[in-house]
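Reviewing the structure listed below.
Nothing here was measured: the structure is a model prediction, and the numbers come from that model. The residues of the chain are indexed from 1 along the displayed sequence.
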Amino acid sequence: LANGICRYSPGLVRLDISGELTERALVTVGNTLRGLRYLRLEADKMKTHLTDKAFPALSHLKDLRELRLVFMSGCHVTAKTAITALRNLKELRRLELPFCSDFGDEGAKELPSACPYLELVDLYSCRTLTNEGLISMASNLPYLKCLNAKRCHKLAWPQVCEVLEHKTLLHLQLPSFAGLMSCVVMLKLEQVGFTHEGSGRLFRRGCPVRTALDTTDERIIPHPTSGLYLRCPVCLASRPLL
């Protein structure tokens with residue numbers, strides 16, 4: 001499918017494919033559709049992985065504004081390989097790289113220098129990410145509005161609460177820590193202007209909140225890292241400003 005699209009539509013600026021994909025699709029797209037501004041690839045086969053072999057192809061997509069790579073069986077891309085490719089994507093505003101356990105603190109700390117204009121970062125199930133990496137990344141992304149760190153089980157409460165002091169952050173997703181509903185935690189959230197809507201989903205007070213069940217908005221696309229849960233306007237939007 002990717003080969004056919006690249007052959008007959010070389011001028012595409014938006015590509016959205018899901019299904020029986022392999023990482024070869026990313027190589028084909030990166031080497032051919034160099035004018036892309038939005039790229040979404042979701043592999044539904046549990047035995048399909050994304051590795052260091054394919055990820056460097058992204059470096060050719062210098063106009064990319066939004067990148068969404070979902071390989072649920074595993075994104076085995078090292079931090080060094082990922083950051084090297086992402087450094088060429090200076091216009092990137094949204095990065096969704098779930099299930100990438102090897103990205104970790106090294107990748108998180110280098111991400112702001114690679115992609116300084118990011119507004120949304122999804123590192124769902126990055127199991128090597130710690131408070132140090134997350135806080136460093138968030139504090140150096142001045143335009144960050146939405147951050148997904150669900151199932152990042154090395155994060156620890158209450159130190160991770162420092163992320164909530166980010167001036168532009170609207171929405172933060174964290175693992176469901178024990179005691180997250182305690183009075184002490186609720187007081188801290190009140191002080192920084194956030195509310196806890198359940199299951200580790202934190203929203204800045206006054207931020208419009210909607211769900212993927214809201215079928216009146218065609219922009220809403222079900223996503224394995226957010227499902228039907230509450231989301232903010234930033235992570236609801238499926239299209240960048242092209």
Side-chain angles (χ1 to χ4, degrees), residues 1-2 5-6 9-19 21 23 25-43 50 54-72 75 77 82-100 103 107-108 110-126 137-138 141-150 168-173 210 212 217-227 231-242:
L1 178 59
I5 292 173
C6 293
S9 303
L12 282 178
V13 296
R14 176 183 174 89
L15 182 61
D16 191 332
I17 305 178
S18 62
L21 298 174
E23 65 174 16
L26 180 58
V27 176
T28 301
V29 169
N31 290 334
T32 309
L33 303 179
R34 300 196 177 189
L36 277 181
R37 302 189 73 181
Y38 171 99
L39 175 61
R40 169 182 168 262
L41 298 178
E42 292 192 19
L50 180 61
F55 204 88
L58 283 171
S59 62
H60 302 305
L61 306 179
K62 296 182 179 181
D63 294 329
L64 209 60
R65 297 282 297 271
E66 181 169 346
L67 176 62
R68 185 175 183 178
L69 300 177
V70 181
F71 286 73
M72 295 181 67
C75 177
V77 178
I83 294 299
T84 298
L86 292 172
R87 285 195 188 282
N88 290 297
L89 312 184
K90 293 298 184 183
E91 298 301 316
L92 199 65
R93 300 299 194 270
R94 300 164 62 93
L95 174 64
E96 297 181 58
L97 198 61
F99 309 106
C100 192
F103 193 75
E110 293 294 326
L111 187 58
S113 63
C115 304
Y117 301 112
L118 284 170
E119 297 177 4
L120 179 147
V121 177
D122 182 346
L123 295 178
Y124 178 91
S125 198
C126 179
M137 178 186 70
L141 286 174
Y143 305 103
L144 185 64
K145 296 178 182 177
C146 185
L147 175 58
N148 186 354
K150 291 288 288 183
T168 64
L169 191 66
L170 297 175
H171 178 199
L172 173 64
Q173 297 189 67
R210 305 171 74 178
D217 192 335
E218 295 179 354
R219 299 176 307 167
I220 300 176
I221 299 177
H223 188 283
T225 66
S226 53
R231 291 187 276 173
C232 72
V234 178
C235 55
L236 279 175
S238 65
R239 294 173 181 266
L241 296 174
L242 297 178

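- Here N31 pairs with H60 under the side chain to side chain donor-acceptor pair (under 3.5 Å) rule; sequence neighbours left out.
- Between the CG atom in L33 and the CG atom in D63 there is a gap of 12.0 Å [rounded to 0.5 Å].
- Side-chain atoms of V77 and F71, non-hydrogen and from C-beta on, never get closer than 4.5 Å to each other.
- Partners of A149 according to the side chain to side chain contact (heavy atoms under 4.5 Å, CB included) rule, which considers only residues two or more places apart in sequence or in another chain, are L134, C152, L155, L174.
- Side-chain atoms of R93 come within 3.5 Å of backbone N or O of E91 as a donor-acceptor pair.
- Here CZ of R68 is found 12.5 Å from CG of L97. Values are rounded to the nearest 0.5 Å.
- For the residue pair C75 and P98, the shortest heavy atom distance occurs at CB-O, 4.0 Å.
- Partners of S125 by side chain to side chain donor-acceptor pair (under 3.5 Å), not counting sequence neighbours, listed by chain and number: R127.
- The side chain to side chain donor-acceptor pair (under 3.5 Å) check on S59 picks up nothing, with sequence neighbours excluded.
- When all heavy atoms of R94 and L118 are compared, the closest pair comes out as N-CD2, 3.8 Å.
- C146 SG to L172 CG: the interatomic distance, rounded to the nearest 0.5 Å, is 8.5 Å.
- For the residue pair I83 and G107, the shortest heavy atom distance occurs at CD1-O, 3.5 Å.
- Ring orientation note: the planes of F99 and Y124 are nearly perpendicular, at an angle over 60° on the 30°/60° scale.
- To the nearest 0.5 Å, atoms CG (L111) and CG (L92) are separated by 8.5 Å.
- Remark: of the listed residues L50, L41, L69, V70, L41 is the sole one forming a side chain to side chain contact (heavy atoms under 4.5 Å, CB included) with L21.
- Between E96 and L120, the closest heavy-atom pair is CG-CD2, 3.6 Å.
- With values rounded to the nearest 0.5 angstrom, L26 atom CG is found 8.0 Å from L67 atom CG.
- Residues satisfying the side chain to side chain contact (heavy atoms under 4.5 Å, CB included) criterion with P112, sequence neighbours excluded, are M137, N140, L141.
- Other residues, nucleotides and ligands contribute at most 12 non-hydrogen atoms within 6.0 Å of the NZ atom of K62.
- Nearest approach of P142 to P116, heavy atoms of both residues: CD-O, 4.0 Å.
- Of all the heavy atoms in C126 and F103, the pair that sits closest is SG-CB, 4.2 Å.
- The CZ atom of R65 sits 12.5 Å away from the CG atom of L89 when rounded to the nearest 0.5 Å.
- With sequence neighbours excluded, the residues that form a salt bridge (Lys or Arg N to Asp or Glu O under 4.0 Å) with R87 are E110.
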